[in-house]
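Below is one structure, written out as structure tokens, with a few remarks after it.
These numbers come from a predicted model, not from an experiment. As the structure lists them, so they are numbered: ligands from 1, and atoms in each ligand from 1.
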Amino acid sequence: MFTIEKTDGRARTGIVHTPHGSFKTPAFMPCGTKGAVKTLTPDELKTLGCEIILGNTYHLMIRPGEELIQKLGGLRKWSGWNGPILTDSGGFQVFSLGAIRRITDEGVEFRSHVDGTPYFLTPERSIDIQLKLGSDIIMAFDECAPADSDYEYAKCAMERTHTWLNRSIEQFNYSKTEGNMLFGIIQGVIFDDLRQTSTNFVAEKNLAGIAIGGLSVGESKSAMYHTLQIVSERVPQDKPLYLMGVGAPEDIVHAVLLGVDMFDCVLPIKNQKYTDDAEPLQKECACFSCLRFSKSYIRHLCMENEMLSHRLMTIHNLHFLLDFMRKIRQAIEKKSFEHFKANFLKSFKI
Ligand SMILES: [Zn+2]
């Protein structure tokens, strides 16, 4: 269930309620790709202000397998994270990591990138895996066409995504338990009419939430913003809107202004350049890493491949993004989001 709290133009704050707790929006969801957010414990995530994490169906189905996780109480109990979880459908990783053998209307035949084991992933199987993992927010199985797809292929992938959405809904309704939410995914690459068609198709299904897929996959920023505009004008306003795989701060502020509520992305780990810099990673950052350690020290740890360097940088990156979302929510509450966005873009160096 989604409650909108405050609005400022099309930007809004809200709360998504799940059986395992609620989270405030606009929200950033750290990726617990293989069952863990890299180097951090669930308690550390909570301390940083994280309220929901994302799990990857593709990685978990390959290792250790959803049956084992289900037997051990589901992803939440198994990994020690007791808050809300969103799982992706596996589609995106199949298309980007797996050695694809065949895509048919039935599903995708591929080999694991780990050991070459063959798999066949269908909308029904994806929904079942996500339910076995114990996910709260389940994503429909989709085909994410590459950014440079021609119109014909983009249309074909979109139509397949729509057929797969119908099958995902049927399977979800058959197997769901109390409180599970299903999100449909809008595709269509960067073609306006396809995005419009796809938005209308997904909107008509009256699902718990709507996601925008296939952006930030190599298209230009202006094309991405244009597509976002086309989609955001047409989605129902009372559903949470999730922009998949987008987590650059300048893109987040842009999307929030258009009414996007949820974000995720793999955190960037930048190499530090300076050997003699006594300053923290970021001046005035209040995270544990910046309060205690210099750039010089963290760079040294990186060069030596010390595990602590990954921890310190993950803590800093997550603190930055979660704090950024908090500030975004405050600016919306004060009806000063446009001002916040302009100030942020002026001062933020990419
Ligand atoms: Zn910091």
Side-chain angles (χ1 to χ4, degrees), residues 13 23-34 36-54 79-81 83-84 216 243 245-256 260-334 336-337 339-350:
T13 60
F23 61 93
K24 295 185 275 298
T25 62
F28 177 78
M29 307 180 285
C31 292
T33 309
K34 298 172 184 175
V37 175
K38 291 231 183 301
T39 75
L40 299 185
T41 66
D43 291 352
E44 288 170 327
L45 287 168
K46 288 253 160 95
T47 305
L48 285 164
C50 170
E51 295 185 308
I52 173 170
I53 59 169
L54 191 148
S79 72
W81 168 260
S216 196
L243 178 54
V246 172
E250 69 276 19
D251 298 338
I252 291 180
V253 284
H254 191 94
V256 165
V260 175
D261 306 295
M262 295 161 65
F263 299 90
D264 78 283
C265 83
V266 176
L267 294 174
I269 300 271
K270 282 187 200 155
N271 273 327
Q272 298 302 315
K273 291 186 193 108
Y274 309 104
T275 52
D276 61 348
D277 197 333
E279 296 287 339
L281 291 172
Q282 192 190 329
K283 278 184 199 167
E284 288 156 27
C285 176
C287 86
F288 171 74
S289 308
C290 290
L291 290 178
R292 293 286 298 277
F293 305 100
S294 67
K295 267 189 202 166
S296 159
Y297 178 63
I298 295 173
R299 180 185 191 273
H300 165 75
L301 295 181
C302 274
M303 299 299 287
E304 297 298 337
N305 209 15
E306 284 289 340
M307 279 180 273
L308 184 59
S309 69
H310 296 285
R311 261 177 69 70
L312 294 178
M313 286 201 286
T314 304
I315 288 170
H316 171 71
N317 283 334
L318 261 188
H319 171 89
F320 173 83
L321 277 164
L322 294 167
D323 189 53
F324 183 59
M325 302 315 289
R326 235 179 334 252
K327 287 172 181 156
I328 286 176
R329 293 193 297 265
Q330 281 165 4
I332 296 170
E333 277 163 19
K334 285 192 258 165
S336 61
F337 183 68
H339 180 71
F340 172 88
K341 177 178 179 254
N343 267 350
F344 173 76
L345 292 177
K346 225 186 291 170
S347 62
F348 183 68
K349 289 184 214 80
I350 299 161

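- Here the protein contributes Cys285 SG, Cys287 SG, Cys290 SG, His316 ND1 as N, O or S atoms under 2.8 Å from the Zn ion (ligand 1).
- Partners of Tyr297 according to the ring pair (Phe, Tyr, Trp, His ring centres under 6.0 Å) rule, which considers only residues two or more places apart in sequence or in another chain, are Phe293.
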What side-chain donor-acceptor pairs closer than 3.5 Å can you find for residues 37-44, not counting sequence neighbours?
residue: Thr41; atom: OG1; partner: Glu44; partner atom: N; Å: 3.2
residue: Thr41; atom: OG1; partner: Glu44; partner atom: OE1; Å: 3.4
residue: Glu44; atom: OE1; partner: Thr41; partner atom: N; Å: 2.9
residue: Glu44; atom: OE1; partner: Arg311; partner atom: NH1; Å: 3.1
residue: Glu44; atom: OE2; partner: Arg311; partner atom: NH1; Å: 3.3
residue: Glu44; atom: OE2; partner: Arg311; partner atom: NH2; Å: 2.7

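- A distance of 6.0 Å or more separates the ring centres of Phe324 and Phe28.
- Ring geometry for Phe340 versus Phe337: interplanar angle under 30°, hence parallel rather than tilted (30 to 60°).
- Residues Leu322 and Cys50 have side chains in contact (heavy-atom distance under 4.5 Å, counting atoms from C-beta outward).
- Counting only residues at least two apart or on different chains, the salt bridge (Lys or Arg N to Asp or Glu O under 4.0 Å) pairs with a member in residues 275-291 are Asp277-Lys295.
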